[in-house]
Each structure stands twice: as structure tokens, then as C-alpha cells.
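Chain A is the first sequence line, chain B the second, and so forth, proteins listed ahead of strands; every chain is numbered from 1.
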Amino acid sequence: MQSNAARIAVVALSVAVLVVLFVVLSGGDDEDGDTVAEPGTTTSTELPADRREGRPEKERERPRDAGPQVQALVVVGGEPRDGVADLEFGAGEQVRFDVRSDVAEEIHVHGYDLYADLEPGKTTEVRFPAELEGVFEVELHGSGAPLAELTVEP
Amino acid sequence: MSERLARATLPAAVSALITAAAAALLLPEPAAAHGLVGRSDLPLPEWLLLWGAALLLIGSFAALVFAWREPRLEADSWRPVNPTLSRLLVNPVTRTLCGLIGVALLLLTVYAGIEGTNAPDRNFAVVFVFITFWLGFVVLGVLFGDLFRAFNPWLAIGRAVSKGFELLAGQRAPAPLRYPEWLGRWPAAVGLAAFIWFELIWGQSGFEAAGVSPHDVAVATLVYSVITFVGMGLFGVEKWSRRGETFSVYFGMFASLGPLAVRDGRLGRRRLFSGSTSWADQPGSLGLVLVAIGCTTFDGASEGLLSEPIRSLFESLSDGGMAPIEALRISNSVYFLLTLLAVAAIFWAGIRGMRLVETERGARELGRSLAHAFIPIALAYLVAHYFSAFVFLEQAQFTYLLSDPLGDGSDLFGTLGDGIDYGVIGATAIQWVQFGAIVVGHAIALALAHDRALVLFGDPREAAWSQAWMLVMMIAFSTLGLYLLSQANA
């Protein structure tokens with residue numbers, strides 16, 4: 001029994017090493033903070049008028065100076081120019097991003113089921129409260145291409 | 001379908017779009033189920049992964065020390081329930097009714113797939129096959145016994161045809177071929193891999209987010225029906241339904257864990273999980289469990305862990321001049337095969353380890369005698385991976401998809417306007433369900449393996465020692481399950 005216990009301990013140890021390895025490996029993948037919109041700092045300039053229930057806003061064309069924190073996505077020929085963007089917000093925050101397309105398009109935020117029209121050459125500001133948690137696809141309805149992944153953390 | 005095929009046959013237009021840089025942008029969204037809702041789960045947080053792994057490790061070894069010394073699940077514990085209740089639930093009328101419902105749903109799936117809209121999320125066929133049917137009968141089977149045998153449309157049709165033959169010819173329909181016993185459940189294991197390949201690899205090969213199209217689902221359903229009827233015609237209706245018919249065998253595997261089972265037309269109760277101990281009595285049973293685990297592993301890994309390797313293989317293939325759709329299918333297929341092999345390798349490594357202790361039995365015999373202990377792990381993987389898709393898409397299934405199966409605007413039951421409420425369960429709750437599924441599945445798997453080891457080895461001490469290897473293997477599977485969840489969409 002003594003040697004059995006020792007062998008079991010060896011096995012346990014090796015599994016523990018494996019687990020630690022897993023965790024170390026998974027930790028390495030998570031350093032993608034630079035594309036993340038800074039939560040909290042953006043909300044101050046947001047007007048309560050934008051918080052209309054369940055409809056993305058698409059009014060003014062000119063982006064304001066609050067720009068740096070709001071991600072601006074560019075669509076060329078129905079495809080996102082810089083690849084599928086990562087948009088991350090906390091639950092209850094205001095989702096904010098701008099989209100500019102060279103052709104007429106429509107974006108569809110899955111899950112929230114929101115639509116917004118993109119007019120050629122103009123910037124559309126998308127604003128809505130992040131009420132649902134999860135990872136949601138933001139799709140260009142015309143071309144069917146994915147535009148962004150909206151992550152809403154609890 | 002037509003749109004995607006048109007793209008496939010227009011390599012010039014496609015390759016113009018897909019330069020090396022654009023290829024990355026055009027890589028489609030992952031699994032069909034997620035494409036259907038356009039929503040996926042948040043990755044499991046790291047601290048939960050860490051605690052989960054520690055819990056599995058410490059809990060498992062602690063359980064080994066304090067485990068019971070006599071087998072508890074191996075004996076046949078089936079007892080008939082109250083005969084009146086049994087007759088009320090299991091009788092020719094209910095059997096016929098369930099069979100008719102099954103056949104009607106089969107016809108509706110094919111009809112909706114061919115006649116209805118080709119938008120996967122608005123057509124009855126896709127959600128019904130991949131969510132309601134595929135996941136629903138697993139849940140029903142575990143809770144209420146092998147209900148799929150009652151609803152199985154192919155079995156119902158096969159039985160009706162052979163009944164008709166009996167009436168006309170005055171003798172039982174003969175089976176021209178004897179089913180080769182060595183083949184066992186292998187046709188079902190192959191069918192399972194083919195089904196998942198169709199859903200995840202064929203389906204996502206269109207450069208669209210939505211995945212497999214309703215038309216493809218209808219065609220695949222017809223093809224599978226033909227295969228099934230040929231199998232039944234050659235080997236006999238009952239034989240084929242218990243060996244080769246993928247869905248009967250697959251749902252039956254999970255139902256063996258449940259407390260309810262029908263025997264000789266009588267409903268009975270048995271000790272929870274005990275039915276699985278006599279399940280792996282056929283060649284190919286182990287193959288089926290491992291394929292089931294491997295399929296879910298691939299679905300999870302292709303969204304996280306394997307997404308980069310698949311993408312880079314895809315890019316090098318399409319750089320080499322291959323059409324993008326073929327390149328995508330091939331690179332996914334390669335990693336699907338590798339995943340199945342990796343799952344099998346983990347299993348065989350564990351069995352090899354056990355053989356260090358147990359020299360009397362061959363690896364094959366040991367493997368088969370422990371196959372059933374992996375059913376709970378396969379179930380845990382399914383729950384962890386598809387729970388949220390099931391919760392959300394069943395809302396669609398029973399509202400607008402039922403009311404408007406073709407997606408043409410009809411409103412049969414007045415529920416067309418209702419949709420999916422994504423607020424019904426929060427991201428944190430989903431993560432706890434995923435975590436709980438893996439941990440509970442692991443515990444049940446351990447219990448089954450320990451029970452079997454007591455039978456195999458007789459001596460509790462030797463059983464426990466052989467179990468150490470089993471434990472390592474199961475901890476590997478469960479930690480992998482948690483790890484995949486933590487890497488999903490990362």
C-alpha cells in the first residue's frame with residue numbers, strides 16, 4: 001500500500017504539472033487589451049438622448065472629438081477593411097462604435113436584433129445599451145460578411 | 001445552396017476577392033449552431049478553470065481513497081413499474097401515435113428544407129435537425145428512457161412495411177444478409193462522424209456566417225433515409241436499428257444512463273446509471289463513445305484552440321492555388337481527424353497505463369470493458385458545449401419556426417411574432433452550467449469506472465490502483481473540456 005500511495009502521488013503530481021501548464025498557456029493568449037474600448041471613460045461624453053430603447057442611432061455624420069475611445073470600423077466593398085473587430089463592453093454600459101462604408105450597407109447586431117443603415121461615404125454612429133451578455137455577431141447584411149464581435153461581459 | 005455553389009464554381013471571382021490578406025477576413029464564423037443565433041458563450045474565466053482543475057484532481061483522488069468496496073451499479077436492477085401505468089404509457093396506440101409523429105416530422109423537415117426559405121435561421125429544417133432532434137433526444141433519453149425508439153420515423157416505416165409484407169405474403173419478411181457481428185456499432189460510429197462533419201465542416205464551407213443550408217439538410221436527410229432503408233432491407237429492420245442506424249444507437253447510448261427503460265413492452269425503473277454497465281456489449285461501442293467525445297471536442301476547439309492552426313493550414317492551401325471552399329473543408333477535415341485521433345490516443349494511453357498493473361487482460365478487452373464509463377463524459381461535453389444554443393434556439397423552434405416552418409410569412413399558431421429572449425439566462429449562469437456539467441459528468445464517469453474495476457479485479461486495492469490510470473485519463477478529458485470552454489472564442 002505504501003508504494004501504491006507513492007505511485008499515486010507521482011501520478012497526481014504529474015497531472016498537477018499538466019494543469020499548471022494548461023493555465024500558463026491559456027494565460028498567454030489573453031493579452032489583447034489594445035483593441036478594447038476603454039469602458040467608463042467613454043460614457044461621460046455620451047448624451048442621455050442617445051439611450052433610446054432598442055434602436056441604434058444613426059444621426060450626425062461628423063465624428064466628434066470623443067473619437068479616440070470610440071472604435072471606428074471601416075467597410076470597403078462590403079468587407080471590413082481591418083478584419084473582424086473586437087468590441088468589448090460591460091453589461092449595462094453603452095455600446096458605442098462608428099462605422100464608415102464606401103457602399104450602401106446595413107449592419108445587423110445579432111441577439112440584440114438591431115439594424116442600422118450605412119450610407120456610402122458617411123459615418124454612422126451606433127449606440128445602444130448593453131443589456132444582453134455573451135458574444136454577439138455584428139454582420140453586414142448586404143454582403144453577409146461578419147463586421148465585428150461584440151462581447152458583453154457580466 | 002445555389003448561391004454557395006455558384007460561388008464554388010466561380011473560382012475567378014472568388015480568388016479575386018481572396019488575396020492572402022483578405023482570406024483572413026473572409027474566414028467564416030464557427031459552428032452552425034452559433035451561426036444560427038449569431039451569439040456565442042463567453043469563455044470560462046481563468047480562475048474558474050483553475051479551481052475546476054484543482055477540484056477534479058483533488059476530488060477524484062479523495063474519492064478513490066474513500067470509494068465503496070463492492071460493485072453497486074453492475075447488478076441488473078430493473079424492476080417493472082405499476083402494470084397499469086406501464087400499459088397506459090406503452091401500448092400499440094401510443095407506439096403508433098409516436099411513430100406517426102416521427103414520420104410527420106421527417107416529412108416536414110424534408111419539405112421545409114426543399115420548399116422553404118434558404119435562410120438557415122428562418123427555416124424549420126436546420127434548427128429542428130441540429131438542435132431539437134440532435135440534442136433534444138439526448139435530453140429526453142436520459143430523463144425518460146429511450147424515447148427515440150418510439151419516435152424513430154425510419155423504424156416506424158420499416159416496421160410498417162414488414163408488417164404489410166407479413167400480411168400479404170403470410171410470412172415474416174426475410175433478411176437477405178446476416179449482420180456481421182464484428183461490425184457491431186461501427187456503422188453508427190461512422191455515421192456520427194459523418195453527421196458532425198456535415199454540420200460543422202460541410203456546413204461552414206460557404207463563406208457566410210450561417211452555416212449549413214436548409215436545402216442541404218433536406219438532401220442529407222433523404223440520403224440518410226435511403227441508407228437506413230437499404231440497411232434495414234439487407235439486415236432486417238430491428239437489427240439495423242440497433243446496430244447501424246446512427247441516431248438509434250447514439251440516443252440509445254445516452255438513454256442507458258437514465259432510470260427508465262422498456263423491456264418486452266413493459267416500462268421499468270432501474271438504478272440511475274446502472275443501465276450503461278451492460279451497454280458496451282458490441283464491437284464499436286468504444287469507438288462510438290470516443291467519436292462522440294471527439295466530435296464535441298472538435299466543435300469546441302475549432303472555435304478557440306484550433307482556430308489558428310486551421311486558419312494557417314487554410315491559408316497555405318489556398319496560397320498553393322486551391323479553391324477557398326475546398327481549402328477550408330480540407331483544413332477543417334484534417335483537424336477533425338486529428339482531434340478524433342487525439343481523443344483515441346488519450347484513451348489508449350490510459351489503457352496502456354492500466355496494463356502496467358493488470359497483465360492478464362489485453363488492452364482491447366480492458367478498453368471495451370471500460371467504454372461505458374465515458375458516456376457521462378460525452379454527455380458532459382454535450383451539455384457544456386450546446387446548453388446555451390439549446391435554450392435559445394428551442395425558443396425559436398417553438399415560436400416562429402413552428403408557426404412558419406417554411407419562412408414564407410405564414411403564421412399557423414400565431415406565434416410568428418415571438419422570438420428568442422436572450423435575457424432568459426445570463427452569461428454567468430451559463431458558465432456555471434458548463435462548469436457543473438463537466439464536474440458532475442466526471443464524477444459519474446469515475447463512479448462507473450470504479451464499479452467496473454471492482455468487478456474486473458475483485459480486490460479493492462488492486463482496483464483502486466488500476467483506477468489511478470483511469471483517473472488520470474478522465475482528469476485529462478475533463479480538464480480538456482474545461483480548457484476548451486475557457487478558450488472558446490478567445
If you take all heavy atoms of Glu133(A) and Arg39(B), which pair is closest and at what distance? O-NH2, 3.4 Å
Might you point out which heavy atoms bring Gly134(A) and Leu42(B) nearest each other, and give the distance in Å?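 Closest approach of Gly134(A) to Leu42(B): CA-CG, 4.0 Å.
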Chain B contact via Val138(A) - which portion, at a heavy-atom distance below 4.5 Å: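 Contact with chain B involves no heavy atom of Val138(A) at all.
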OG-CD distance between Ser40(B) and Glu149(A), expressed to the nearest 0.5 angstrom: 5.5 Å
Could you grab the distance from atom OH of Tyr422(B) to atom CZ of Phe136(A), nearest 0.5 Å is fine? 7.5 Å
With chain B, which of Val152(A), Val109(A), Leu132(A) has the greatest number of heavy-atom pairs at distances under 4.5 Å? Leu132(A)
